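Below you'll find the structure, written out as structure tokens, and then a few comments.
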Amino acid sequence: MALKVYNTLTRKKEEFKPIEQGKVGIYVCGPTVYGHPHIGHAKSYVGFDVIVRYLRYKGYKVRYVQNITDVGHLTDDADQGEDKIAKRAALERVEPMELVEKYMFSYFEDMDSLNVLRPDISPRASGHITEQIEMVTKLIESGYAYDVNGSVYFDISKFRDYGKLSGKKLDDLEEGVRIDVNPEKRHPSDFALWKRAEAEHIMQWNSPWGKGFPGWHLECSVMSMKYLNATFDIHGGGIENVFPHHECEIAQSESANGQQFVKYWMHNNMVTVDGQKMGKSLGNFVTLKDAFKKYSPLVVRFFVLSTHYRSPMDYSDEALSSMEKGMNRLHNTIKNVREMLSLAELDGDVSVNEGFKLSSGRTLGEYKDIFIEAMDDDFNATKAMGILFDLSRDTNAFIGSGGKVDYGVLKGIDSTFRVFGGDILGIVPDSFGEAEGVNGDQMDSLMNLIIDTRKKLRDLKNWELSDEIRNKLDEIGLVIEDTSGGATWRRK
RNA sequence: GGCGGCAUGGCCAAGUGGACUAAGGCAGCGGAUUGCAAAUCCGUUAUCCCGAGUUCGAAUCUCGGUGCCGCCUCCA
């Protein structure tokens, strides 16, 4: 079975073949840290998290680089406008780098909550000014860029392939210009590699062209090539960055090196909120911190994965709460399995039995096959998640079938959930933690006491009181389930 | 105006020519189980926006509509 990846460059699914056998270099456009991360960040970075996790599962040694943009991203991509960081810093009355620290931590905090693994390198644009200046120099020397009054622009007419990623033609672009053309540019689509800084601009560095700061597109080229290679395997990002950002990255990188920049371009789709585009101007931004007040981060992750990474995702309360119920059901199955298993393992080691035919007719080995088949098809985590639900139903039927349970099968089920649900999709925790502030053992003892007491009441057929206890516990979020084998409890 | 994408059951969402008599989740309904609940299991709820065409065969390809969305300005 071969892994297939949809490549924006060719607009086709292609078999994934890394440049260097057994290794993958992947660069994903990171956030511009001038505000708290929002649900769009979750879609993007959870999506790529699963991609990276799966590549590792497949045995690749992956180096995952994701930048932090802390300078140069203007409020207007036509190279006018203000620097987003500087603007926001002025608003919050802090140093730009203070602002950057604050929101970078906020970003990592939320990503950690979403169970997104940290990139191997999180390079910051402001930490790579020297390298960026070097690249601009190289482009000027080779005739791809020109400097005007202390700003340097990339000369788009020198790069024949401009538009190969986005499918745009230069002629068409000129037509639709809705913004004032910067008179310094030779062609309206020429883009800034280096910007002259006005005296009052807070962030500026010395350069051969005077004081200034790097253009936004430059950092990604410089940092990806520094930590990966002049040609590397995967470059990812949001679909809205295909043009102009990634197109410009290609132009400057391939001009500088005379070789292909990226082999596979991967783009994830956008988020809408209640069917409407989420945008600053529309004021319908959902920050992750807000979402987490209502839904656990794992629910948000679950929700993100319920839509394929290349499809748009609509955020709504209805969708989130239906996901929450689904996730709880899945987790519940796994909790039951682990409980039974831990009891069984008190009596000695259990060896895995993968060959057992579950009631769907599938064995665990077959589950593994179809799961991998789904993931191999351009990381179809949505389909893969559906397979986990199939396994959940099979598991429940297996547990509830009565008679003696083969613990080897249970152990196989548990490890299947751990690897596919946990390691790869990141939606199944290693352990289901206890509520904070309450000692787990104490809580268990307390609940066992209540369960024992209720059993006595129920033996006396005192339904009224035993039901009252069950209902009251339910109200405070503790669910008692009376089964033929005795009562169990769980948190809602 | 230019370029690109999407349209699947009540809702969300996989599936891009033949095991689809269309996954999975949520919601609903019927049944099993239960003292009653809960949980769980079983069954049940769609011919894939409209029209024409290609094909032995189409949700899946082509053309023409209709609707929505994205990029070309902010934003992952």
Side-chain angles (χ1 to χ4, degrees), chain A residues 8 11 13 28-32 35 37-48 73-78 80-81 84 163 166-169 171-179 189 236-244 247 267-272 275-282 285 302-303 306-308 310-314 316 318-327 329-330 332-333 336 359 370 374 377 380-390 392-402 458 461 463-464 466-467 470-471 474 479-484 487-488 490:
Chain A
T8 308
R11 294 173 196 282
K13 281 184 198 169
V28 174
C29 283
T32 301
H38 51 71
I39 189 74
H41 292 102
K43 164 120 174 129
S44 184
Y45 301 120
V46 167
F48 282 107
H73 199 172
L74 305 184
T75 54
D76 177 334
D77 267 342
Q80 319 281 337
K84 291 178 179 179
S166 57
K168 293 191 188 300
K169 296 183 186 72
D171 300 345
D172 300 335
L173 287 171
E174 271 185 279
E175 304 290 328
V177 183
R178 272 195 255 153
I179 40 172
S189 291
I239 200 170
E240 82 287 358
N241 281 329
V242 171
F243 188 90
E247 199 71 72
H267 293 97
N268 61 271
N269 219 309
M270 309 288 281
V271 173
T272 54
Q276 258 210 317
K277 170 187 173 149
M278 183 171 79
K280 287 262 156 66
S281 46
L282 292 166
F285 254 61
F302 210 88
F303 170 65
S306 75
T307 307
H308 186 81
R310 281 193 288 114
S311 302
M313 178 180 95
D314 187 48
S316 67
E318 206 184 359
L320 261 291
S321 50
S322 85
M323 274 305 128
E324 183 172 40
K325 287 177 193 159
M327 187 184 84
R329 212 164 66 80
L330 184 70
N332 209 243
T333 300
N336 288 150
S359 59
I370 56 174
D377 184 14
N380 196 335
T382 309
K383 189 174 187 179
M385 219 157 63
I387 293 165
L388 252 34
F389 275 99
D390 286 342
S392 171
R393 191 188 314 112
D394 257 344
T395 301
N396 288 328
F398 179 68
I399 292 173
S401 61
R458 293 176 69 230
K461 299 202 188 300
W463 309 124
E464 200 182 334
S466 63
D467 285 358
R470 192 174 61 194
N471 292 338
D474 187 84
V479 181
I480 296 265
E481 289 171 9
D482 292 313
T483 71
S484 52
T488 63
R490 65 183 164 86

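Residue numbering restarts at 1 for every chain, and letters A, B, ... go by the order of the sequence lines. In this text, all values refer to a predicted model and were calculated from it rather than measured experimentally.
In this structure B:U16 sits in no base pair that meets the Watson-Crick or G-U test at under 3.5 Å. The pairing partner recorded for B:C36 is none, the criterion being a Watson-Crick or G-U wobble arrangement whose two distances lie under 3.5 angstrom. Pair assignment for B:C41 gives B:G31, based on Watson-Crick or G-U wobble hydrogen-bonding distances that are each under 3.5 Å. Base-pair partner of B:G70: B:C3 (Watson-Crick or G-U wobble, both distances under 3.5 Å). Across all strands shown, B:A58 forms no Watson-Crick or G-U wobble pair with both distances under 3.5 Å. Figure legend. B:U21 is base-paired to no nucleotide; pairs are counted as Watson-Crick or G-U wobble with both atom distances under 3.5 Å. In this structure, B:C48 forms no base pair with any nucleotide, since neither Watson-Crick nor G-U wobble geometry is met with both distances under 3.5 Å. Within the shown strands, B:C26 is the pairing partner of B:G10 under the Watson-Crick or G-U definition, both distances less than 3.5 Å.
Atom-to-atom, NZ of A:Lys168 to P of B:G1 comes out at 15 Å; the value is rounded to the nearest Å. Atom CZ in A:Phe243 sits roughly 16 Å away from atom P in B:G2 (whole-Å rounding). Atom CE in A:Met313 sits roughly 14 Å away from atom P in B:C12 (whole-Å rounding). Between the P atom of B:C3 and the CG atom of A:Asn241 lies a distance of 22 Å, rounded to the nearest Å. Across the protein-nucleic acid pair, A:Arg329 atom CZ and B:A27 atom C1' stand 13 Å apart, rounded to whole Å. Between the P atom of B:G5 and the CD atom of A:Glu240 lies a distance of 17 Å, rounded to the nearest Å. Atom CD1 in A:Ile370 sits about 11 Å away from atom C1' in B:G24, given to the nearest Å. Across the protein-nucleic acid pair, A:Asp474 atom CG and B:A39 atom C1' stand 12 Å apart, rounded to whole Å.
Taking side-chain N and O atoms only, A:Asn396 has a distance below 4.0 Å to OP1 or OP2 of B:C41. The shortest distance between the side-chain N/O atoms of A:Arg393 and the OP1/OP2 oxygens of B:G24 is below 4.0 Å. Distances shorter than 4.0 Å separate none of the side-chain N or O atoms of A:Thr382 from OP1 or OP2 on B:G24.
Counting non-hydrogen atoms under 4.0 angstrom, A:Lys325 reaches the backbone sugars and phosphates but no base. Residue contacts shown for A:Asp390 are limited to sugar-phosphate atoms, with no base heavy atom under 4.0 Å away. Counting non-hydrogen atoms under 4.0 angstrom, A:Val28 reaches nothing in the nucleic acid. Counting non-hydrogen atoms under 4.0 angstrom, A:Gly40 reaches a base of the nucleic acid. Backbone-only engagement by A:Glu318 is indicated by non-hydrogen atom pairs under 4.0 Å involving sugar-phosphate atoms exclusively. Contact annotation for A:Ile39: no contact, since no heavy-atom pair falls under 4.0 Å across all strands. As judged by a 4.0 angstrom heavy-atom cut-off over every strand, A:Ser316 is placed among residues making no nucleic acid contact. Using a 4.0 Å heavy-atom cutoff across all strands shown, A:Asp467 reaches at least one base atom of the nucleic acid. A:Arg458 comes within 4.0 angstrom of a base, heavy atoms only. Within 4.0 Å (heavy atoms only), A:Phe303 reaches no atom of the nucleic acid at all. Counting non-hydrogen atoms under 4.0 angstrom, A:Thr488 reaches nothing in the nucleic acid.
Judged by closest nucleotide on RNA chain B, A:Asn380 is the one of A:Gly386 and A:Asn380 placed further toward the 5' end. Heavy-atom nearest nucleotides on RNA chain B were determined for A:Ser44 and for A:Phe302, and the one closer to the 5' end corresponds to A:Phe302.
Rounded to the nearest Å, the gap between the C1' atom of B:A14 and that of B:G25 is 11 Å. For the C1' atoms, the distance from B:C69 to B:G9 is 23 Å, rounded to whole Å. When the C1' atom is used for both B:A13 and B:U55, the distance is 30 Å, rounded to whole Å. Of the C1' atoms belonging to B:U47 and B:A59, the separation is 8 Å, rounded to the nearest Å. If you take atom P in B:C26 and the same atom in B:U21, they sit 26 Å apart, rounded to whole Å. One C1' atom belongs to B:C48, the other to B:U40, and the distance between them is 32 Å to the nearest Å. Rounded to whole Å, the C1' atom of B:A46 lies 15 Å from the corresponding atom of B:C12. Nucleotides B:G51 and B:U60 have their P atoms positioned 13 Å apart, rounded to a whole Å.
Each of B:C72, B:A76, B:G25 was ranked by its minimum atom distance to the side chain of A:Pro244; first place goes to B:C72. Nearest to the side chain of A:Tyr45, among B:A13, B:A76, B:A38, sits B:A76. Comparing B:G25, B:A39, B:A14 against the side chain of A:Met323 picks out B:G25 as the nearest. Among B:A14, B:A76, B:A38, the nucleotide with an atom closest to any side-chain atom of A:His38 is B:A76. Looking at the side chain of A:His41, the nearest of the listed nucleotides B:G35, B:G15, B:A76 is B:A76. In this structure, the nucleotide among B:A39, B:A76, B:A14 sitting nearest to the side chain of A:Glu481 is B:A39. Each of B:G24, B:G70, B:G35 was ranked by its minimum atom distance to the side chain of A:Ser466; first place goes to B:G35.
Because its glycosidic torsion is more than 90° from 0, B:A7 is reported here as anti.
Between A:His41 and A:His38, the ring-plane angle classifies as tilted under the 30° and 60° cut-offs.
Between the OG atom of A:Ser316 and the CZ atom of A:Phe303 there is a distance of 6.0 Å, given to the nearest 0.5 Å. From A:Asp482, atom CG reaches atom CZ of A:Arg470 across 5.0 Å, with rounding to the nearest 0.5 Å.
With respect to A:Asp377 and A:Lys383, no salt bridge is recorded, no charged nitrogen being found less than 4.0 Å from a carboxylate O.
Closest heavy-atom contact between A:Asp314 and A:Thr272: OD1-OG1, 2.7 Å. Taking both residues in full, the closest heavy atoms of A:Phe48 and A:Gly237 are given as CZ-N, 3.5 Å, listed atom of the first, atom of the second, then distance. Nearest heavy-atom pair across A:Thr333 and A:Ser392 is OG1-OG, 3.0 Å.
On a pure distance criterion of 3.5 Å, a polar donor-acceptor pair joins the side chain of A:Arg470 and the base of B:C36.
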**Prompt:** Could you walk me through whether A:Met313 and A:Val271 pass the side-chain contact (heavy atoms from CB on, under 4.5 Å) check?
**Reply:** CA-CA 5 Å; A:Met313 178 180 95; A:Val271 173; 3.8 Å; yes
**Request:** Using the side-chain contact (heavy atoms from CB on, under 4.5 Å) rule, take A:Ile239 and A:Met270 through it: C-alpha gap first, then chi angles, then the decisive distance, then the call.
**Result:** CA-CA 7 Å; A:Ile239 200 170; A:Met270 309 288 281; 3.7 Å; yes
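In the model, A:Ser44 has a side-chain atom that pairs as donor or acceptor with a side-chain atom of A:Asn268 under 3.5 Å.
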